[in-house]
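Proteins get letters first, then strands, A, B, ... in listed order; numbering begins at 1 in each. Model, not experiment: these values are computed from the prediction.
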Number of protein chains: 2
Amino acid sequence: MTKTPATRPTATRADVARHAGVSSAVVSYVVNNGPRPVAPATRERVLAAIAALGYRPNAAARALRLGSAEMIGLVIPDNRNPFINELAHAVEVAAAARGHVMVLANSDGSAAIEEAQLRNLAARQVDGLLLISVGATVDPAALASLEVPVVLLDRGSGTEGFGSVGTDLYAGAVAGVEHLLGHGHQNIGLAIGVASDGRLDGRERGFRDALAAASLPPGPVVRAAFTRDGGYRAGRQLLAGGRPTAVFASSDMQAVGMLHAFHEAGVRVPDDIAVVSFDGSPEAEFCWPPLTTLAQPVAAMAEAAVDALLGGPSAEPRHHAFDAQLVIRRSCGCA
Amino acid sequence: MTKTPATRPTATRADVARHAGVSSAVVSYVVNNGPRPVAPATRERVLAAIAALGYRPNAAARALRLGSAEMIGLVIPDNRNPFINELAHAVEVAAAARGHVMVLANSDGSAAIEEAQLRNLAARQVDGLLLISVGATVDPAALASLEVPVVLLDRGSGTEGFGSVGTDLYAGAVAGVEHLLGHGHQNIGLAIGVASDGRLDGRERGFRDALAAASLPPGPVVRAAFTRDGGYRAGRQLLAGGRPTAVFASSDMQAVGMLHAFHEAGVRVPDDIAVVSFDGSPEAEFCWPPLTTLAQPVAAMAEAAVDALLGGPSAEPRHHAFDAQLVIRRSCGCA
DNA sequence: CTGAAAGCGCTAACAC
DNA sequence: GTGTTAGCGCTTTCAG
């Protein structure tokens with residue numbers, strides 16, 4: 001239980017005031033640099049008292065009084081997903097640049113936990129909540145009931161009444177498939193997540209449309225979890241049936257798993273099967289072969305999200321779509 | 001700014017009391033299931049009022065009153081390091097199992113940010129703080145001044161006055177090097193971090209001792225950052241000079257970077273160079289070849305840490321060392 | 001420029 | 001079983 005040695009019961013604002021021979025209001029003015037001016041000499045006395053007593057303001061009291069914790073929260077669905085973490089990191093940087101502290105809460109893939117985390121943070125008076133939701137759909141009413149600004153991240157499309165940010169999945173997929181087409185492939189497969197709501201994922205639509213535009217039928221489509229293991233299974237499935245000459249993987253994690261399956265089977269990438277992936281996470285750069293991938297503009301998205309939340313230039317409750325950028329590496333056959 | 005539609009100014013406990021025709025104390029008893037009993041009929045009325053008004057307790061007020069936010073904090077040095085995230089995830093699971101919410105704060109490699117995050121969380125009345133520190137050393141006085149229980153994670157050794165947990169790096173390194181020795185290697189290199197304090201990292205000591213015990217001189221030792229890129233540089237350096245027949249990498253991330261360098265140079269693993277690594281992160285399983293690694297017992301460590309923090313069976317301010325387990329995969333030459 | 005004092009929403013004695 | 005009430009530590013209006 002690691003207790004501090006001989007703790008005097010934590011100095012409060014009143015102690016400081018007494019010690020400095022001023023009123024508690026003045027201490028407040030000094031601590032917050034306002035809202036009222038304080039005479040230099042008085043300020044010095046207060047500062048000295050603060051140091052002497054080791055006084056540290058109670059943030060909970062301040063949050064209660066102000067109705068604001070001066071902090072934003074980010075709820076993520078998986079703290080072990082590299083892409084999500086890239087995004088979380090970017091959000092933190094963007095929030096810091098705007099003078100806001102950010103705390104992270106993980107919903108660990110559970111809609112129930114997500115809800116609980118959101119409620120918990122909202123009850124603590126955070127100034128805003130950023131959400132990368134577990135599911136493809138969110139309940140606008142539940143979000144509204146938090147009575148705190150909420151902005152959705154990593155979304156394929158908008159949600160009525162909320163600001164949201166995401167990459168244009170459709171356009172990205174089209175670009176990826178077209179690149180594979182450019183390499184002369186005719187039989188291109190797809191690894192994609194399992195459809196959680198009715199609508200087709202933008203990446204799947206893009207895949208199909210790009211192929212149709214080239215008058216080609218879609219190759220084998222495999223549905224698997226957006227995890228390394230999901231990709232591994234997808235890879236094995238692709239080898240067992242269909243065996244396309246190229247695959248478009250809808251996430252780097254899946255692609256990494258697929259590479260593993262291909263290596264294991266002695267199938268060479270890109271010679272036997274070319275791969276183009278989606279996300280642009282660091283793993284895509286360091287796996288072998290390095291993945292040609294559609295990199296999501298993480299920093300820009302994070303900034304837009306924080307702006308939308310904090311009332312910056314993109315504060316209207318609309319969807320902000322960003323373009324993925326094709327990063328060419330070896331897995332597509334270019335190098 | 002995504003506002004909620006027509007927000008009545010957030011119902012408070014008094015509103016609920018009025019609506020239900022009871023006192024505010026009773027509302028409190030209902031909300032908290034105690035500490036006093038409430039008649040079933042009354043409870044129903046209160047519950048109905050809560051639902052009708054959409055009342056949600058103000059956690060900041062509760063934290064102020066109780067002096068406890070009923071929450072623990074975990075401060076990590078890098079939210080993009082897979083191993084750290086494994087650990088963070090395990091801590092979250094362990095905390096949840098003990099009925100505690102956990103929030104995550106990232107210090108992003110900066111001691112100053114680490115300090116700020118700790119202070120911020122402490123001021124919010126968290127019940128305890130778990131810290132994976134940026135540096136090899138921590139300032140016990142600064143930690144004590146937080147006046148909140150603190151337990152250190154991912155430590156090679158103990159810190160006077162604090163509970164801490166970590167893997168026995170020395171023993172792990174010895175086991176790893178001995179395994180390589182068992183494969184007949186005579187020229188074994190080491191990739192390790194840059195020494196941030198005076199003392200040698202346990203892994204380096206283990207490496208040297210294991211070799212000495214076999215009457216072998218240490219192979220080339222390369223110091224690099226504990227990142228994929230650090231490992232990549234280390235790998236290139238190893239190829240340029242020395243070129244051992246095996247390498248012990250002190251983290252999976254470094255190993256992944258090394259593999260990249262080896263692939264690039266057409267050097268085969270394990271045939272040309274065998275690799276054994278440390279950590280046991282998921283990437284070690286999915287890279288190619290899969291890494292033989294000393295897996296840290298993440299779940300057990302997380303549980304010990306949370307217990308130490310919350311006053312469970314391992315609550316004394318001492319160091320808890322765990323043994324890494326050798327997980328055999330292909331990179332060492334076994335498969 | 002400084003002080004007194006009223007609450008923010010909640011909990012838990014203490015009364016009845 | 002329920003009501004009254006005194007704060008938790010802070011900010012800020014209102015008086016000087």
Would you say [X] and [Y] make side-chain contact, with heavy atoms under 4.5 Å?
{"X": "B:Glu92", "Y": "B:Leu104", "value": "no"}
{"X": "A:Leu153", "Y": "A:Ile76", "value": "no"}
{"X": "A:His19", "Y": "A:Tyr55", "value": "no"}
{"X": "B:Ser107", "Y": "B:Val75", "value": "yes"}

Hey, are A:His89 and B:Asn106 close enough side-chain-wise for a donor-acceptor pair under 3.5 Å? no
Between [atom2] on [N] and [atom1] on [X], what's the gap in Å once rounded to a whole number?
{"X": "B:Arg62", "N": "D:dG9", "atom1": "CZ", "atom2": "P", "value": "17 Å"}
{"X": "A:Leu66", "N": "C:dG9", "atom1": "CG", "atom2": "P", "value": "13 Å"}
{"X": "A:Glu147", "N": "C:dG9", "atom1": "CD", "atom2": "P", "value": "12 Å"}
{"X": "A:Arg18", "N": "C:dA4", "atom1": "CZ", "atom2": "C1'", "value": "15 Å"}
{"X": "B:Asn32", "N": "C:dC10", "atom1": "CG", "atom2": "C1'", "value": "9 Å"}
{"X": "B:Arg65", "N": "D:dT5", "atom1": "CZ", "atom2": "P", "value": "16 Å"}
{"X": "A:Asp15", "N": "D:dC10", "atom1": "CG", "atom2": "C1'", "value": "13 Å"}
{"X": "B:Arg124", "N": "D:dC10", "atom1": "CZ", "atom2": "P", "value": "13 Å"}

Using rotation axes that map the C1' atoms of four end pairs onto the next four (five pairs an end), what angle separates the end axes of the helix from C:dC1-D:dG16 to C:dC16-D:dG1, to 10°?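 End-to-end axis angle for the helix from C:dC1-D:dG16 to C:dC16-D:dG1: 40°, rounded to 10°.
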DNA chain C contacts made by residues 37-46 of chain A, counting heavy atoms under 4.0 Å: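 Correct list: A:Pro37, A:Val38, A:Ala39, A:Thr42.
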Would you give the length of the straight line joining atom CG of B:Asn79 to atom CG of B:Asn85, rounded to the nearest 0.5 angstrom? 6.5 Å
Residue pairs fulfilling side-chain hydrogen bond (donor to acceptor under 3.5 Å, both in side chains) with at least one residue in residues 42-54 of chain B, sequence neighbours excluded: B:Asn33-B:Arg43
Sequence neighbours left out, what pairs pass side-chain hydrogen bond (donor to acceptor under 3.5 Å, both in side chains) with at least one residue falling in residues 122-134 of chain A? A:Ser68-A:Asp127, A:Glu114-A:Ser133, A:Asn120-A:Arg124
Would you confirm whether B:Arg318, through its side chain, and B:Glu160, through its main-chain N or O, come within 3.5 Å as a donor-acceptor pair? no
So, is [X] near the phosphate of [N], with a side-chain N or O under 4.0 Å from OP1 or OP2?
{"X": "A:Asn58", "N": "D:dC8", "result": "no"}
{"X": "B:Ser24", "N": "D:dT4", "result": "no"}
{"X": "A:Ser28", "N": "D:dT11", "result": "yes"}

Produce the list of close N/O pairs, under 3.5 Å, pairing protein atoms with atoms of nucleotides 13-16 of chain D; give distances to one decimal.
{"from": "D:dT13", "atom 1": "O4", "to": "A:Tyr29", "atom 2": "OH", "distance (Å)": "3.3"}

Which nucleotide, C:dG9, D:dC10, C:dA5, lies nearest any side-chain atom of B:Arg13? C:dG9
Give the nucleotide from the list C:dC10, D:dC10, D:dG3 with an atom nearest to the side chain of B:Val22.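 Nucleotide nearest to B:Val22's side chain: D:dG3.
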Using the rule given for side chain to side chain contact (heavy atoms under 4.5 Å, CB included), can you reason through A:Val30 versus A:Val22, listing the C-alpha separation, both sets of side-chain angles and the distance that settles it, and then say yes or no? CA-CA 11 Å; A:Val30 170; A:Val22 300; over 6 Å; no
Give a yes or no on this: more than 12 heavy atoms of other residues, nucleotides or ligands lie within 6.0 Å of atom CZ of A:Arg98. yes
For B:Arg80, what residues pass the salt bridge (Lys or Arg N to Asp or Glu O under 4.0 Å) criterion, not counting sequence neighbours? A:Glu86
